[in-house]
Amino acid sequence: MTLEWEQVVMDAADPVALGRWWAEALGWVVVNDDPDEFEIRPAPDRLPGIIFEPVTDRKVVKNRLHLDFRPGDQRAEVDRLLALGARHADVGQGEQSWVVLADPEGNEFCVLSARGG
């Protein structure tokens, strides 16, 4: 038996807008622009991807699952993501080497420091 990681599924009030935001943030491509199952991937034939599905309820608590990203230059990447519309988020992390941000719909993610830094 084998498993292949296919997707992360993210609930969204506006799947198209949130999916396009993440595609720009990650430099990924849109492979399905259907508003009921908007999908992005690193490349059209590369997995895993992220699917954005519509929900009517809004996010009210910290995510139980979040994504971590390790850039070459943490400060530059945080500044770039903030310019795209992310915002700083406080999930009780205190002073850490990583930065917690939230996407335009409030989903938290972390920007780690560079390896060895």
Are the side chain of [X] and the backbone N or O of [Y] linked by a donor-acceptor pair below 3.5 Å?
X	Y	answer
E105	D14	yes
N32	E37	yes
R80	A25	yes
K62	R64	no
W28	V30	no
D103	N107	yes
Q74	V111	yes

Over all atoms of both residues, closest heavy-atom pair of [X] and [Y]:
X	Y	answer
P15	P35	CG-O, 3.3 Å
P48	P42	O-CD, 3.3 Å
I50	Q7	N-OE1, 3.4 Å
G85	P104	O-CG, 4.2 Å

Heavy atoms from other residues, nucleotides or ligands near CZ of R87 exceed 12 (cutoff 6.0 Å): yes
Other residues, nucleotides, ligands: >12 heavy atoms within 6.0 Å of E24 CD: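 It does not: E24 CD has 12 such atoms or fewer within range.
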Find the distance between [atom1] ([X]) and [atom2] ([Y]) and round it off to the nearest 0.5 Å.
X	Y	atom1	atom2	answer
D11	T56	CG	OG1	10.0 Å
L84	D79	CG	CG	11.0 Å
R70	C110	CZ	SG	11.0 Å

Under 4.5 Å between any side-chain heavy atoms of [X] and [Y], yes or no?
X	Y	value
L101	L82	yes
E53	D36	no
L26	F69	yes

Common cluster, M10/I40, ILVMFWY with side-chain heavy-atom separation under 4.5 Å: yes
From CA spacing to verdict: salt bridge (charged side-chain N to carboxylate O under 4.0 Å, His left out), R41, E39: CA-CA 7 Å; R41 293 183 184 176; E39 182 181 356; 2.8 Å; yes
E108/K59 ion pair, N-O < 4.0 Å: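 Result for this pair is yes, salt bridge flagged.
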H88 vs V78, side-chain contact (heavy atoms from CB on, under 4.5 Å): CA-CA, chis, key distance, verdict: CA-CA 9 Å; H88 286 279; V78 167; 4.2 Å; yes
Distance-only side-chain donor-acceptor flag, W98 / D68, under 3.5 Å: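 Result is no, nothing qualifies.
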F109 and W22 aromatic ring geometry - parallel, tilted or perpendicular at 30°/60° bounds: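 Ring orientation of W22 relative to F109: perpendicular.
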Single hit among W21, F52, F38 for side-chain contact (heavy atoms from CB on, under 4.5 Å) with V16: F38
